[in-house]
2 protein chains.
Amino acid sequence: MKNKPIEVTARCPIRTTLELVGGKWKLIILQQLISHEELRLSELKILIPDISEKMLIQELKTLKISDLVNRINYGEVPPRVGYRITEKGRNAQFLIDEMVHFARSYEE
Amino acid sequence: MKNKPIEVTARCPIRTTLELVGGKWKLIILQQLISHEELRLSELKILIPDISEKMLIQELKTLKISDLVNRINYGEVPPRVGYRITEKGRNAQFLIDEMVHFARSYEE
DNA sequence: CAGGATCCTTTACGATACTG
DNA sequence: CAGTATCGTAAAGGATCCTG
């Protein structure tokens, strides 16, 4: 059986944000795209060395669906694809700043 | 085999914050404790109806270990226990505010 | 009332081989 | 190069029963 009624806390903005950028990697990826104008998959792999290729691709796909990231296919061969932060995605900057601030003040 | 070297991105404040308040429930719990002075387990269950008892207790324990939440045992019988936000925990307010803001501006 | 213990399902994540 | 497909493990989360 499912838990209690969900209506009460259902459309909570915290949960919305968690769905959009929750998990281990999405904010890390967004951070890189915010500070780099455009990045290729191979470049992201280098910037985030401990992410698995599967997760990187999977999260990029999710972020694109959420319109937080754009994917530019240059249609060249060998394949050349670029990822860019969107306008909506750039708002994550404030969130990241706060997380950095929270971590810093926690460590005092 | 583990992935690539972790040293590069290891002590990243984003990851620190994720470790402290990541997951589905910690921020929701902190939010309630921030806006309620003191809450008992049974009250938290009502305020967050769709959390399982196991998760609620487990997350409160983790938050206490991280010193984001205090647990007050009144030593009465029947048992009476209160949970309060700590000073460190109260800093999560800014984080929550930003998450709310992010969700709002996303939904435009 | 608060919470421990247990069992189970689901989701997140990772390693690796393969393809246009 | 930028993926897809597949398989496996680990962690998160949930239901239920039990206890002082």
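Computed from a predicted model, the values in this text were never measured in an experiment. All chains are named by letter (A, B, ...) in the order of the sequence lines, taking the proteins before the strands, and each is independently numbered beginning at 1.
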Restricting to non-hydrogen atoms, name the atom on [X] and the atom on [Y] that form the minimum distance, rounded to 0.1 Å.
X	Y	result
B:Ile29	B:Ile51	CD1-CD1, 4.3 Å
B:Lys24	B:Ile28	O-CG1, 3.8 Å
A:Trp25	A:Asp50	CH2-O, 3.6 Å
B:Gly89	B:Ile34	O-CD1, 4.0 Å

| Looking only at side-chain N and O atoms, does B:Lys24 come under 4.0 Å of OP1 or OP2 in D:dG14? | yes
Length of the line joining [X]:[atom1] and [N]:[atom2], which is rounded to integer Å:
X	N	atom1	atom2	result
A:Leu18	C:dA12	CG	C1'	15 Å
B:Lys45	C:dA2	NZ	C1'	8 Å
A:Ile51	C:dT16	CD1	P	17 Å
B:Ile28	D:dA12	CD1	P	17 Å
A:Met55	D:dC7	CE	C1'	16 Å
A:Leu41	C:dG20	CG	P	19 Å
B:Gln58	D:dG14	CD	C1'	11 Å
A:Lys26	C:dT11	NZ	P	14 Å

| said: Among C:dC13, D:dG3, C:dC1, which nucleotide has an atom closest to any side-chain atom of B:Ser42? | reply: C:dC1
| message | For A:Asn70, give me all partners under side chain to side chain donor-acceptor pair (under 3.5 Å), at least two apart in sequence or on another chain. | response | none
| Members of residues 68-83 of chain A that approach DNA chain D, where some heavy atom sits under 4.0 Å away | A:Arg71, A:Pro79, A:Val81, A:Tyr83
| note | Members sharing B:Ile72's hydrophobic cluster, built from side-chain contacts under 4.5 Å between Ile, Leu, Val, Met, Phe, Trp and Tyr, are B:Tyr74
Which side-chain N or O atoms in residues 94-108 of chain B pair as donor and acceptor under 3.5 Å with protein atoms at least two apart or in another chain?
{"residue": "B:Asp97", "atom": "OD1", "partner": "B:Gln93", "partner atom": "NE2", "Å": "2.8"}
{"residue": "B:Ser105", "atom": "OG", "partner": "B:His101", "partner atom": "O", "Å": "3.1"}
{"residue": "B:Ser105", "atom": "OG", "partner": "B:Phe102", "partner atom": "O", "Å": "3.2"}
{"residue": "B:Tyr106", "atom": "OH", "partner": "A:Ser66", "partner atom": "O", "Å": "2.8"}

| task | Give every residue pair that meets the salt bridge (charged side-chain N to carboxylate O under 4.0 Å, His left out) criterion with at least one member in residues 84-94 of chain A, sequence neighbours excluded. | result | A:Glu37-A:Arg84, A:Glu38-A:Arg84
Listed pairs, N/O of protein and of nucleotides 4-10 of chain C, under 3.5 Å:
{"residue": "C:dG4", "atom": "OP2", "partner": "B:Lys61", "partner atom": "NZ", "Å": "2.6"}

| said: To the closest 0.5 Å, what do you measure between OG1 (A:Thr62) and CD1 (A:Ile57)? | reply: 11.5 Å
